[in-house]
Amino acid sequence: MPFSFSGSCKKAQTFKYMKEIILIKNGELALKGLNRSNFEDILIKNIRRRLQGLGEFTVKKAQSTIYIEPKDDEFDFEEALNRVKLVFGIAGFSRACVCDKNIEDILEKSPEYLKQNMENIRTFKVEAKRADKTFPLTSPEICRELGGKLLSCFPHLKVDVHNPDLTVNVEIRDFAAYVRGEQIAGAGGLPVGTAGTASILISGGIDSPVAAYTMAKRGLRLNAIHFASPPYTSARAEMKVKTLLSRVARYSSSINLAIVPFTEIQDKIAENCPEDYFTLIMRRMMMRISEKIAKSKGSLALITGESLGQVASQTLPALVTTDSVVNMPVLRPLIGMDKEEIIKIARNIDTFETSILPYEDCCTVFTPKHPKTRPTLELCEEAEKNLEIEALIEKAIAETIYTYID
Ligand code: ATP
Ligand code: MG
């Protein structure tokens with residue numbers, strides 16, 4: 001049977017003399033040379049922020065491991081594990097029992113600490129690591145001693161060094177010895193905030209929340225921009241966007257959302273421009289406004305949920321036409337993904353069910369019957385001459401409403 005957390009209790013296990021902590025292994029941080037310490041500090045700050053409200057705890061780092069240590073029994077250990085699982089920059093983590101740095105204490109505490117897991121498995125092995133080389137036993141000796149002890153306490157068990165149900169790890173470190181079960185996979189990626197800030201253009205659809213999540217995973221802090229067209233689009237559609245962003249914020253931390261009124265611009269496009277260029281001109285207006293808002297909020301790039309060829313406005317010529325109005329990078333993390341791949345991520349991050357709620361988006365309200373799949377920049381620019389672009393942009397930005405999503 002696979003290893004599971006040692007208890008279903010909410011708090012850290014509180015056996016007599018026993019203290020439980022969370023040990024965290026960094027992700028790609030190991031690759032970052034001199035920046036490493038800075039990355040670790042940001043990761044620790046992010047962890048602290050995510051664990052707020054769960055009780056008193058300390059977070060410290062030593063020897064490429066981060067330690068989360070509850071200060072008392074009131075700390076909500078189980079919820080802390082759930083939240084740590086969503087923090088980018090963590091390759092793996094585990095709950096661990098703190099032992100004194102002597103083999104007697106390790107042998108006394110381990111059987112009781114691992115009891116629940118041991119009862120549900122058939123085979124195990126022990127792995128030992130000594131960061132502190134002054135510890136009197138060698139690693140193989142620690143393995144032998146603890147292996148023997150566990151076999152005598154749990155006679156149904158056998159040792160299997162090749163394919164064990166559970167690997168028990170013993171780490172002898174500077175402060176103490178730690179006994180833990182298997183490592184649990186972390187969220188991976190890089191700590192949010194290590195790669196700068198970018199603005200996600202968020203609709204209520206499936207793709208843009210996935211694009212936001214994907215870029216936050218690479219360390220970007222997120223701002224968001226949503227174009228709303230009341231009364232064509234409803235308050236429920238706006239709520240949907242906020243719900244989607246709050247799901248993304250579980251990974252990315254709080255997001256500054258700009259809600260831009262887009263009705264007048266859409267009406268003007270519908271009145272003054274050829275129908276087959278509607279969507280494209282609308283998207284160019286979105287990009288122009290987004291660039292201005294993004295820059296005012298310190299974003300260095302825009303992010304969209306576009307995927308090559310998915311719809312008429314996402315063919316290569318259409319993307320070229322869209323990009324030509326902005327002077328900042330447009331990140332499109334989904335550009336090479338199939339819808340099925342995108343949906344899989346949407347399900348994993350729990351945005352899919354919200355995304356498919358049938359509330360209207362401003363793009364769907366004004367969909368032309370025959371959109372241009374091979375637009376030319378010249379015709380697009382010609383069509384836009386009928387619009388007072390600068391005035392429309394200024395007005396929309398002046399009426400934009402900002403809100404924080406946690
Ligand atoms: P999604 O599932 O993200 O809505 P989509 O496949 O429906 O994407 P489009 O509607 O063409 O595609 O939108 C492409 C991208 O443009 C979206 O991923 C999003 O980044 C941006 N976008 C679309 N509508 C809006 C909106 N109302 N506000 C902000 N950005 C939008
Ligand atoms: Mg959409």
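Heavy-atom basis, side chains included; hydrogens, waters and symmetry copies ignored. In each ligand, atom 1 is the first atom listed, and ligand 1 is the first ligand listed.
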### Query
Taking all atoms of both residues into account, what is the closest heavy-atom pair of E291 and N327, and its distance?
OE2-N, 2.8 Å
### Task
Kindly say whether the aromatic ring centers of Y213 and F88 come within a distance under 6.0 Å.
yes
### Query
Does the N or O separation between I200 and ligand 1 drop below 3.5 Å for any pair?
no
#### Entry: Nearest atoms (heavy-atom pairs only) where K101 meets F135
O-CE1, 3.4 Å
### Task
Determine whether the side chain, the backbone, both or neither of I202 has a heavy atom under 4.0 Å from any heavy atom of ligand 1.
backbone
### Minimal non-hydrogen separation, A318 against L280, with atom names
CB-CD1, 3.8 Å
#### Entry: Atoms of ligand 1, numbered as shown, that sit under 4.0 Å from any heavy atom of S313
11 (O)
### Query
Hey, looking at atom 22 (N) of ligand 1, which of S307, S203, A237 has the closest heavy atom?
S203
#### Entry: Option whose closest heavy atom lies nearest to atom 17 (C) of ligand 1, chosen from G305, S229, S199
G305
### Query
Can you name the residues that form a ring-ring contact (aromatic ring centres under 6.0 Å, His included) with Y178, not counting sequence neighbours?
Y67
## Note on the structure
Note: ligand 1 atoms sitting under 4.0 Å from heavy atoms of T304 are 20 (O)
### Message
I need the contact type for S355 against ligand 1. Using non-hydrogen atoms and a strict under-4.0 Å cut-off, is it side chain, backbone, both or neither?
### Response
neither
### Query
Can you name the nearest heavy-atom pair linking P111 to F154, along with the distance?
O-CZ, 3.5 Å
### Task
Could you tell me whether L201 and ligand 1 have an N or O pair separated by under 3.5 Å?
yes
### Message
Considering M286, R283, M282 one by one, which has a heavy atom nearer to atom 16 (O) of ligand 1 than any of the others?
### Response
R283
### Message
Does only the side chain of I225 get under 4.0 Å from ligand 1, or the backbone, or both, or neither? Count heavy atoms.
### Response
backbone
### Task
Could you tell me whether P209 and ligand 1 have an N or O pair separated by under 3.5 Å?
no
### Message
Out of the candidates K85, R83, R95, only one should pair with E78 under the salt bridge (charged side-chain N to carboxylate O under 4.0 Å, His left out) rule; please name it.
### Response
R95
### Task
Give the atoms of ligand 1, by number and element, whose distance to some non-hydrogen atom of Q310 is under 4.0 Å.
5 (P), 6 (O)
### Message
D207 versus ligand 1: do any nitrogen or oxygen atoms come within less than 3.5 Å of each other?
### Response
yes
#### Entry: Where F77 and I22 come nearest, the two heavy atoms and their spacing
CZ-CG1, 3.6 Å
### Query
What are the two closest heavy atoms between G92 and Q183, and how far apart are they?
CA-NE2, 3.6 Å
